[in-house]
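Working notes for the structure below.
Sequence lines set the chain letters: A, B, ... in the order given, protein chains first and strands last, and positions in each chain run from 1.
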Protein chains: 2
Amino acid sequence: MRPTKRDELVQKALQVFYQNGFHATGMDMLVKETGISKTSMYKHFRTKDDLILAVLRLRDEYFRNWLYRRIEELADIPIEQLIAMFDALEEWFDEPGYKGCMFIKASSEYQDSSHPIHNQAADHKRMLEIHFTAIAMKAGLPNPKLLTRQLLLLKEGAIVTAHLGHTENPAQDAKKAAIALIEASSP
Amino acid sequence: MRPTKRDELVQKALQVFYQNGFHATGMDMLVKETGISKTSMYKHFRTKDDLILAVLRLRDEYFRNWLYRRIEELADIPIEQLIAMFDALEEWFDEPGYKGCMFIKASSEYQDSSHPIHNQAADHKRMLEIHFTAIAMKAGLPNPKLLTRQLLLLKEGAIVTAHLGHTENPAQDAKKAAIALIEASSP
DNA sequence: GACAAAGTGAACCGATCTGTACATTTATAG
DNA sequence: CTATAAATGTACAGATCGGTTCACTTTGTC
């Protein structure tokens with residue numbers, strides 16, 4: 001029980017960090033954008049980094065839930081769900097405020113691999129890998145682990161390429177590559 | 001003529017920005033790390049952003065020269081050069097101070113696509129695409145443009161995955177995928 | 001050796017940074 | 001109504017931010 005303020009803060013801070021970056025967003029800007037007092041913020045989170053970690057947890061929950069559900073909506077059988085991932089990604093890229101992957105950005109701004117924020121970003125990627133490996137195994141594909149890692153390489157590549165904006169439709173390029181990889185790996 | 005100080009500044013600033021990030025690196029830190037006075041810096045560059053742009057220009061020159069040369073050393077025929085790109089990447093990932101791609105990080109910290117720094121990062125990726133498309137055409141592969149974009153998606157994916165560090169050997173995963181893609185696209 | 005260009009160091013500007021202190025107001029209970 | 005908890009606004013601390021000023025020293029050239 002007692003949701004509200006704290007959750008509201010994390011939710012709004014997520015938007016601001018995503019659109020603005022982490023270092024570029026100061027606590028005073030968060031006060032302005034979220035309408036929540038600084039005193040309140042520091043009652044819920046001891047440091048800015050703690051707030052960022054909470055934001056990343058929420059982002060992980062939002063994003064994975066959305067992606068997993070969307071893929072299930074788009075396709076029924078496992079092998080087609082793997083491919084549908086890239087259609088889901090295209091929808092994401094086409095959203096107005098698209099600014100790349102929050103976890104890639106977090107690991108770019110907190111580069112040291114010992115930093116908690118960097119680590120949490122890596123955790124997000126690990127969980128994606130586990131989920132999609134399970135789907136690849138259900139699909140009965142040979143070497144599902146390798147194939148999943150390769151599909152996820154295409155995913156990460158499409159994400160940063162869509163943000164850089166120098167290419168027409170990276171999601172569909174990746175989708176075609178994914179199909180070719182899956183066909184090549186099938187008997 | 002007259003190289004030295006300015007070039008020395010850009011060269012040393014490149015290291016600091018790469019290891020530390022852009023927003024996280026202040027001008028006073030640059031003074032400390034490069035040993036060049038702030039007065040001198042601001043005589044050569046009007047703003048920090050101007051310095052960053054110069055740093056990215058140098059990085060682009062360094063990186064592309066290295067990658068193009070290394071690939072030619074590793075393979076003779078075009079089709080094998082495309083594949084050798086991923087062996088070159090692996091060498092890069094294994095370097096001690098590896099911290100991902102400077103241009104991806106730049107576009108993460110300067111997200112607005114109208115920002116000169118973001119744009120210059122996109123230019124770097126464009127030039128890579130042109131170069132590798134030419135190689136793919138020399139290789140006589142069908143649809144060389146699409147194939148190149150796909151190989152570059154694998155490359156970007158491997159770069160960020162190697163930095164996140166949650167996967168064993170993304171370069172070799174990408175290499176195997178590249179081989180499969182090329183074989184699938186060959187007659 | 002003289003002169004100009006290039007570089008230096010340190011102080012300084014106003015703004016902003018993360019984080020704290022404190023007195024006050026607003027909700028939520030019993 | 002009253003006691004308690006939660007949230008607020010503001011002012012502030014100390015450090016750092018990007019950038020400027022200025023008097024001085026080094027460097028290269030004729």
Fit a plane to each ring of A:Tyr110 and A:His115, take the angle between them on a 0 to 90° scale, and name the class: parallel (under 30°), tilted (30 to 60°) or perpendicular (over 60°). tilted
Specify the separation, in whole Å, of atom [atom1] of [X] and atom [atom2] of [N].
X: B:Arg6; N: C:dG7; atom1: CZ; atom2: C1'; result: 16 Å
X: B:Met41; N: D:dT20; atom1: CE; atom2: C1'; result: 15 Å
X: A:Glu8; N: D:dT8; atom1: CD; atom2: C1'; result: 14 Å
X: B:Tyr42; N: C:dC12; atom1: OH; atom2: C1'; result: 14 Å
X: B:Ile36; N: C:dT8; atom1: CD1; atom2: P; result: 7 Å
X: A:Phe22; N: C:dT16; atom1: CZ; atom2: P; result: 22 Å
X: B:Lys43; N: D:dT21; atom1: NZ; atom2: C1'; result: 11 Å
X: A:Leu30; N: D:dT8; atom1: CG; atom2: P; result: 14 Å

Under the side chain to side chain donor-acceptor pair (under 3.5 Å) test, which residues partner [X], sequence neighbours left out?
X: B:Asp50; result: none
X: B:His124; result: B:Asp60
X: A:Glu73; result: A:Arg70
X: B:Lys12; result: B:Glu8

Which pairs of donor and acceptor atoms, one on a side chain in residues 102-109 of chain A, lie under 3.5 Å apart (sequence neighbours left out)?
residue  : atom : partner  : partner atom : Å
A:Lys105 : NZ   : A:Tyr18  : O            : 2.7
A:Lys105 : NZ   : A:Lys99  : O            : 3.2
A:Lys105 : NZ   : B:Gln111 : OE1          : 2.8
A:Ser107 : OG   : A:Phe103 : O            : 3.4
A:Ser107 : OG   : A:Ile104 : O            : 2.9
A:Ser108 : OG   : A:Ile104 : O            : 3.0
A:Glu109 : OE1  : A:His23  : N            : 2.9
A:Glu109 : OE1  : A:His23  : ND1          : 2.6
A:Glu109 : OE2  : A:Phe22  : N            : 3.0

Closest to side chain of A:Lys5, choosing from D:dT8, C:dG19, C:dT8: D:dT8
Looking at B:His44, I'd like to know whether one of its side-chain N or O atoms comes within less than 4.0 Å of OP1 or OP2 on C:dA6.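 B:His44 to C:dA6 OP1/OP2: no side-chain N or O under 4.0 Å.
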Between the protein and nucleotides 10-17 of chain D, list the N/O to N/O atom pairs that are separated by less than 3.5 angstrom.
none

